[in-house]
Structure formats: C-alpha cells, structure tokens
Amino acid sequence: MPGRLGGTTLRTPLLVALAALLALSLAGWLLWDAASGGGADDAKSPVAASSATRPAPSGPGTSGPSGKPSPALPSPFVTPPSKPTGEASRPADEATAAGAAGRPRADGPLKGKVVVIDPGHNTRNRDHTAEINRSVDIGTGRKECDTTGTSTDDGYAEATFTLDVAHRIKAMLQEQGVTVSFTHDGDRPYGPCVDERAAIGNKAKADAVVSVHADGSAVGNRGFHVILPATVRGGRADTAPIVGPSKELGARIAGNFVRTTGSAPSNYIGGGTGLDTRSDLGGLNLSTQPKVFVECGNMRDPKDAALLTDTAWREKAARGIADGITDFLRG
C-alpha cells in the first residue's frame, strides 16, 4: 500500500540519522571523560576535595602537627593507606599522643595515681644567691632555702641534668596513666625552697614523690644511691607515717636502677646497698607523702660524669626510676 511504502522510505533515513547522532554523543562523552580524569565526579567528592587541598608529605621524617618528626613510614608507602569513609579517627600510638599532649594515657593501668617529680636545684639559683641562702624551717631546725647544686668538670650543671631526667620520667609514667606534676619546670627565677618543694607534693596528695639529683663527691667515689627519710618528729616534721612506704619506694627504685643502667650502688655511701637514711633534708622531713631522693651518680668523678652527660644513659636512668615508681604504685 502506498501509505506503507512511503512510511518505510521515510523511517530508514531517520534511523540512520539517529544512529549517527548517538555515535557522535558517545564519542564526545568519552573524550570529555578522558580529559577530566575519569571515574566519579571528583570535583564534587568531599574525599577528593580534601585530598586535593592536603599538602603532600615530603617523605619519611616529615614533621607532624606537634612539630616533632613523624616516624618514617614503611617502604614502599609515602603516605599511609586511606581509611574507609566513616571510620573513626584513632591515633596509631595513644601513649605517644598522650605524652605529646602532656596528659596521662586515658586507659593506662595506673590511671588515677599521682606522682610528683622534684627536679633538684634550678639553673638560675647561682644568680640569686641572697634568696637561696636565706634559711627556712625544716622541722628539726633551719637550713638554706636551696643550693646551686654541683656540675661536671666540663660545666654540665646538676640542675640541667635533673630537669632532663625528670621530663623523661614524666613521659614514661604518663604512658602508664599516671598523673605527673613537677615542683618546678625551669620556669622560676630560683628555687623553689626545700620547704615549698615538700609542700607541693603534700598538696597534690601524691602517691609517690621523687627528687632527682646527682652528687658532687670526690674523684673515685662512684655509683648511685637513694636517700630515705629517717624517723623525724619536731616542729612541722613528722615522718613516722611515711618512713615505711618511702623505704619500699626507694628499694624498688634502687633495684630497677641497677637493672636498667648497669650502674653499681654507691661505693662511698650506703654500705653497698644503694640506700642511705638521712634526717637533715627538709624536702624529706616536711613530706607527708612517700618520698625519696635519687642521687644518680657523682658528677665530680670523670667516669660517672661520662655517663651522666650521655643522652642514652640518661634515658636508662629515667627508665630505672620510672620502673621503680610503677612497681611501688602497683603494690
């Protein structure tokens, strides 16, 4: 029928035209996709946008947000693999993160325990001789507010040593969840005086207080010792309640100090035990919390001085003290 013949004749060119148009559209889309990088709409993707604006790391050892070098990433990665969208962010090392932030690890086994570290002396004491030479009440009498401390023959000050070791101890204890504070952090013009040092530990109701020192004895006198409070009653001093626990604290520190540093107990104080009991130290007499002094070595002896000035050895010394404290806190 003429009607059907005419319809067929018109339909064929129309189908060809439509096919050609479809082919052109497909080719154009493919060219645009290749030019734009392919895949999903990256320009609108929050993940892609975040990646595009994030500075690329410069490689292993790049400084992180804290300004400290980040640990080198394992080869062959330059950046760690991305986490799936929606996964909660969690530090890879919570102890390190907590320590960097100056707070105890939230899930540490010793959470709730309080320790005060007393870095002996102050590097600025030598500029304030009148202030540190004034006498203060130590319970059984009076004694100078503080002293300058000693140093090695090369001028490495005891006050510098004690603050360095104190910070190392603090970081180690915080990994266990311990709340740690200092009597000072090198932020005072002098001191504090010995009576104030004791008061700081008392006010904190510390489970343990440790005063870090290094001795200034004669050449040939070597080794460490831990000073324990004697039983003292007089004035504001009454050490009877803390003598027992302080002795236990000191013994645990001494044992761990030997183990971690390899240093022998003092050959001139304590009869080879590494322990010495004294009644003339205001920092012990006025303490109401278990407290000891640790003399880590003799700065005036060249062999001991070589240890005290060595960074790796100071880390060991801090570990020995920290382990002794944590042993004591565990009971």
Side-chain angles (χ1 to χ4, degrees), residues 116-167 169-170 180-204 206 209-219 221 224-230 232-239 242 268-269 276-289 291-301 304-305 308-309 314:
V116 171
I117 303 297
D118 177 27
H121 312 289
N122 184 323
T123 56
R124 299 174 187 152
N125 277 358
R126 62 187 179 184
D127 301 322
H128 297 273
T129 53
E131 290 88 348
I132 67 171
N133 284 335
R134 67 183 176 85
S135 66
V136 297
D137 180 12
I138 65 167
T140 56
R142 300 188 70 84
K143 205 167 184 178
E144 61 266 29
C145 158
D146 201 4
T147 65
T148 59
T150 187
S151 69
T152 66
D153 289 342
D154 293 333
Y156 180 58
E158 179 186 0
T160 301
F161 168 83
T162 62
L163 198 56
D164 177 277
V165 173
H167 275 279
I169 295 169
K170 179 179 181 179
V180 182
S181 60
F182 289 169
T183 56
H184 77 97
D185 197 4
D187 51 352
R188 298 174 59 126
Y190 65 90
C193 296
V194 294
D195 56 343
E196 185 181 353
R197 290 174 187 263
I200 291 170
N202 297 344
K203 184 177 180 180
V209 185
V210 175
S211 190
V212 181
H213 287 264
D215 208 0
S217 187
V219 174
N221 290 343
F224 77 93
H225 64 280
V226 182
I227 304 175
L228 314 175
V232 171
R233 291 187 181 90
R236 292 184 294 143
D238 182 5
T239 61
I242 69 165
Y268 62 102
I269 290 177
D276 182 39
T277 302
R278 289 176 61 173
S279 61
D280 63 328
L281 298 176
L284 294 180
N285 289 356
L286 300 175
S287 182
T288 60
Q289 312 303 122
K291 183 174 182 178
V292 299
F293 280 44
V294 183
E295 298 281 359
C296 297
N298 177 18
M299 285 195 144
R300 309 305 294 175
D301 178 81
D304 268 12
L308 296 164
T309 55
R314 291 198 300 273

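For clarity, every value in this text was computed on a predicted model and none was experimentally measured.
A tilted orientation is assigned to the rings of Y190 and H128, their planes being inclined by 30° to 60°.
In the displayed structure, R124 atom CZ is contacted under 6.0 Å by more than 12 heavy atoms of other residues, nucleotides or ligands. Few gaps surround CZ on R188; more than 12 heavy atoms of other groups in view lie less than 6.0 Å from it.
Taking OG of S217 as the reference point, atom CD1 of I269 lies at 6.5 Å (rounded to 0.5 Å). One distance of note links OG1 of T148 with CG of D127; it measures 10.5 Å at 0.5 Å rounding. One finds the CG atom of D304 at 10.0 Å from the CE atom of M299 (value rounded to the nearest 0.5 Å). Separating the SG atom in C193 from the CD atom in E144 is a distance of 10.5 Å, to the nearest 0.5 Å. Taking OG1 from T150 and NE2 from H121, the interatomic distance works out to 8.5 Å, rounded to the nearest 0.5 Å. In this structure, CZ on F182 lies 9.5 Å from OG1 on T162, to the nearest 0.5 angstrom.
In this structure, H213 and S211 approach most closely via the heavy-atom pair NE2-OG, 3.0 Å. Considering all non-hydrogen atoms of both residues, G283 and A198 come closest at O-CB, 3.8 Å. Minimum interatomic distance between I227 and L284 (heavy atoms only, all atoms of both residues): CG2-CD1, 3.9 Å. Listed here is the closest heavy atom pair of P119 and A166: CG-CB, 3.8 Å. Across all their heavy atoms, Y156 and F161 have their closest contact at OH-CA, 3.4 Å.
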### Message
Quick one, D280 with K143, criterion side-chain contact (heavy atoms from CB on, under 4.5 Å). Give me CA distance, side-chain angles, the key distance, then yes/no.
### Response
CA-CA 9 Å; D280 63 328; K143 205 167 184 178; 3.5 Å; yes
### Task
Starting from the C-alpha separation in whole Å, work towards a yes-or-no answer on side-chain contact (heavy atoms from CB on, under 4.5 Å) for V116 and Q289.
CA-CA 10 Å; V116 171; Q289 312 303 122; over 6 Å; no
### Task
Take H167 and D185, measure what side-chain contact (heavy atoms from CB on, under 4.5 Å) needs, and give me the verdict at the end.
CA-CA 9 Å; H167 275 279; D185 197 4; 2.7 Å; yes
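Put simply, the side chain of N221 never gets that close to the backbone of D301: no donor and acceptor are under 3.5 Å apart. Between the side chain of T239 and the backbone N or O of V232, at least one donor-acceptor pair lies under 3.5 Å. Looking at D154, its side chain never comes within 3.5 Å of a backbone N or O of T152 through a donor-acceptor pair. Judged by distance alone, the side chain of N202 and the main-chain N or O of T288 form a donor-acceptor pair under 3.5 Å. Counting only distance, with no hydrogens or angles, the side chain of E295 and the backbone of H225 share no donor-acceptor pair below 3.5 Å. Within the 3.5 Å criterion, the main-chain N or O of G191 finds a donor-acceptor partner in the side chain of N125. R197 places a side-chain N or O within 3.5 Å of a backbone atom of P192 that can act as its donor or acceptor partner. Formation of a donor-acceptor pair under 3.5 Å by the R314 side chain with backbone atoms of L308 is found in this model. Distance alone, capped at 3.5 Å, is enough to place a donor-acceptor pair between the N285 side chain and the S279 backbone. When atom types are taken as modelled, the side chain of T309 and the backbone of A305 share a donor-acceptor pair closer than 3.5 angstrom.
In this structure the side chain of L281 never reaches within 4.5 angstrom of the side chain of I138, judged on heavy atoms. Side-chain contact between V292 and L228: present, with at least one pair of heavy atoms (C-beta onward) separated by less than 4.5 Å.
Under 3.5 Å, the side chains of Y268 and D215 contain a donor-acceptor pair of N or O atoms.
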